[in-house]
Amino acid sequence: MKNRILIVEDDEAIASAVALNLQVAGYDCAVFDDGRRAADSLQDDHAYDLALLDIMLPGADGFELFGYMEQYNIPVIYMTAKTDSASEIRGLRDGAEDYIVKPFDMLTLMVRIEKVLRRTGRLNTVYRVRDVELNSETKTVTKAGKPVYLQPLEFGVLLTLLKYKNMTVTREQLMTKVWGYDYVGETRVLDVKIFSLRKKLDLTDAIRTLPKLGYRLEER
Amino acid sequence: MKLWQKAAAVCAGVLALVVAACSVAMLLYARHTILDMSREQVKAKQRDLATSFSEMANYYLLEADTSPVRESLVDYCFTRFADDTSVLMQEGRTLSSALDIDPSRWLDPGTGDGSWEDRYGQRTYEGRIRGRDVFMAASQVSVRAERYAVYTVADVTDIHRDLRTMALIFLAVSLGGIALGAGAVTLLMRRGAKPLAALSDAARRIAGGAYDVRADVSTKDEIGALAADFNTMAAAVQSRVDELTETAQRQRLFIGGVNHEFKTPLTAILLHTRLLQKVNLTEAERAQSLTHIERQCTWLERLTQKLLRTITLDQEVEKTPVPARVLLDRVRASTQQIMADRNVTLLTDCDGSDLLADADLMQSLLVNLADNAGKSYDPDSPDRTVRLTVRGNVIEVKDAGRGIPPEAIERIFEPFYMVDKSRSKKLGGSGLGLALVKAIADAHGAKLEVESAPGKGTTFRVILPTE
């Protein structure tokens with residue numbers, strides 16, 4: 001099951017970038033550019049795991065939309081250009097899970113989305129690439145239905161690559177996420193883990209090395 | 001020490017000095033006059049006594065009279081004129097006296113003792129004898145070849161006592177007067193200083209930030225005038241502060257608007273750049289991302305230009321006479337493409353007058369108004385005309401588009417205000433066009449008028465100053 005995310009943002013360029021990014025990372029997205037229309041659509045379809053709301057919207061603004069989201073029990077993250085603390089406080093006191101101020105970085109937004117989904121128990125725990133399936137809950141990996149044993153570090157690297165599928169993850173980001181600290185110095189150990197993942201799961205062409213940038217798990 | 005205390009002290013001091021000087025002068029004069037008078041009286045009395053006595057004695061006495069006869073006759077003659085101040089002596093012997101003192105001890109007219117002799121041969125003495133103040137006058141008279149001394153001895157103790165009493169009364173009256181005067185001066189000064197305290201209090205409170213405080217002083221003197229001036233100043237300060245606060249507020253809003261308007265395109269550019277950098281996109285997705293980036297950049301560029309123009313307009317504009325026809329031709333040329341794209345006709349008309357303006361800025365103003373007028377038409381509007389007319393010093397831009405809702409009219413010149421945000425964004429609006437128009441009009445000292453009815457159209461009028 002993919003997580004479904006509602007995006008309400010009147011700026012088409014931002015909406016398309018966020019939606020594209022989330023889609024390639026394995027989310028389903030619905031985009032609206034008008035608050036009123038988004039609210040109306042909820043009557044027919046409100047099976048969303050999360051809503052990303054702009055605050056300044058035509059039709060109905062983000063704070064108004066929040067009422068509808070609450071009704072259908074959809075957690076909310078505000079995407080706002082308003083930096084004044086008053087609107088932040090209002091947004092959070094009303095019960096929004098989080099907010100992110102423009103201009104924001106997509107990876108930051110995705111980390112926040114993931115946190116909210118986990119906190120509300122909606123996070124998809126099963127990730128797939130080709131015939132490989134990873135369950136982050138049971139910490140198991142199967143290939144074509146057969147269990148494959150991975151070392152803890154290998155599991156961590158694969159999980160991170162799967163979470164940000166189709167996106168480039170830098171070596172530093174991988175080290176930080178898997179090893180849990182700002183790893184400085186020797187990163188050869190990462191190359192070793194990637195090598196063994198490719199071999200064990202037959203993902204040699206799927207895990208791409210982008211010189212000077214990092215790695216990317218591709219599936220299109 | 002407070003000012004009113006100082007002033008009161010000085011006034012009281014001066015008052016005391018003047019009163020004291022006057023009192024002393026008067027006292028001395030009175031004393032001199034009174035004593036002189038009493039002396040003259042005593043002297044006159046003695047002169048009368050001596051004259052009367054000698055005339056009578058010379059009349060009654062004969063040269064041949066024997067001593068006892070002579071003595072009783074002299075005594076008789078003297079007592080006829082004598083009173084309780086008179087003494088008659090002969091060579092140190094008292095012949096007749098109502099007193100128990102021997103005046104020759106202090107004054108002897110025969111020996112030249114005592115004070116100087118005047119033209120009547122009279123001598124005087126003044127001094128204290130046995131605890132009494134005494135003034136005496138004496139002279140020698142000769143009666144039939146014998147010389148006698150005639151004295152008038154006056155007790156002037158009472159006069160001296162009266163003079164002292166008078167001095168005491170003077171002192172009391174003076175002190176009372178000084179006290180009264182000082183009190184009055186103090187009171188007056190204190191009352192005079194009260195408005196100053198009120199002024200000082202008001203000044204302190206204004207300094208503390210309460211700019212609406214005024215000094216409540218309504219006296220009609222210089223302090224009242226000062227208070228009025230002070231209040232005028234406070235009002236000026238208040239209005240200036242209000243003005244500055246408002247300007248600061250406007251600038252804060254403006255900067256907030258700039259911040260907000262820049263963030264959205266920047267976010268879009270950033271997101272799409274990262275997308276291109278980090279995600280394996282299809283060719284179509286890649287092209288779409290690039291288009292988004294290009295559009296946002298173009299828009300940012302336009303925004304920046306308008307922003308710069310709006311901000312730098314604070315400088316003085318250079319007004320020169322510009323023929324209206326030339327200005328309208330320039331506006332037409334620079335809006336030709338955009339009007340054609342929107343399928344809008346721009347009609348210009350002028351009366352051949354010259355406009356006193358900065359040609360570039362006025363062109364920018366009119367292009368903005370004409371552009372707005374063009375945007376006011378919905379795609380399906382039948383009549384699509386913008387009329388740009390110059391009559392004398394009045395320029396008019398008129399459309400028959402969708403109009404402005406009445407509640408929005410007073411906000412349309414605010415930076416980044418848009419009546420319908422999503423609509424104006426789609427048409428490439430920055431929210432700065434009319435703010436720029438207003439800034440240019442203000443820089444020219446021109447008046448801006450708007451008439452609009454929803455669904456009927458809008459007319460903008462720029463009225464340039466005529467001087």
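In what follows, chains carry the letters A, B, and so on, assigned in the order in which the sequence lines appear, proteins first and then strands, with residues in each chain numbered from 1.
Ranked by non-hydrogen atom pairs under 4.5 Å with chain B, the options A:Leu213, A:Asn166, A:Leu107 are led by A:Asn166. With chain A as the partner, the residue from B:Gln296, B:Gln277, B:Lys278, B:His272 showing the most heavy-atom pairs under 4.5 Å is B:Lys278. Your options are A:Ile14, A:Leu57, A:Asp54, and the one with the most heavy-atom pairs under 4.5 Å with chain B is A:Ile14. Comparing B:Asn280, B:Leu271, B:Thr282 by heavy-atom pairs within less than 4.5 Å of chain A, the highest count is held by B:Asn280. Considering only heavy-atom pairs separated by less than 4.5 Å from chain B, the leading option among A:Met167, A:Arg216, A:Glu218 is A:Arg216.
Atom CD of B:Gln336 is surrounded by 12 or fewer heavy atoms from other residues, nucleotides or ligands within 6.0 Å. Around CD of B:Glu407, the count of heavy atoms belonging to other residues, nucleotides or ligands within 6.0 Å exceeds 12. Shown here is B:Arg205, whose CZ atom has no more than 12 heavy atoms of other residues, nucleotides or ligands within 6.0 Å. Within 6.0 Å of atom CZ in A:Arg130, more than 12 heavy atoms from other residues, nucleotides or ligands are found, so the atom counts as buried in its surroundings. The environment of B:Lys398 atom NZ is sparse: at most 12 non-hydrogen atoms of other residues, nucleotides or ligands sit within 6.0 angstrom. Counting heavy atoms of neighbouring residues, nucleotides and ligands inside a 6.0 Å radius, atom CZ of B:Arg342 exceeds 12 of them. Summarising the local packing, NZ of B:Lys438 is surrounded by 12 or fewer heavy atoms from other residues, nucleotides or ligands at distances under 6.0 Å. Counting non-hydrogen atoms of other residues, nucleotides and ligands closer than 6.0 Å to CD of A:Glu12 gives a total of 12 or fewer.
Contact of B:Leu281 with chain A is made through backbone and side chain together, with heavy-atom distances under 4.5 Å.
The side-chain heavy atoms of B:Glu285 and A:Leu20, taken from C-beta on, include a pair separated by under 4.5 Å. Using a 4.5 Å heavy-atom cutoff, the side chains of B:Val279 and A:Thr168 are not in contact.
The CD atom of B:Gln288 sits 5.5 Å away from the OG atom of A:Ser16 when rounded to the nearest 0.5 Å. From B:Thr267, atom OG1 reaches atom CG of A:Leu109 across 11.0 Å, with rounding to the nearest 0.5 Å.
Judged purely by atom type and a 3.5 angstrom limit, B:Arg274 has no side-chain atom pairing as donor or acceptor with the backbone of A:Asp105.
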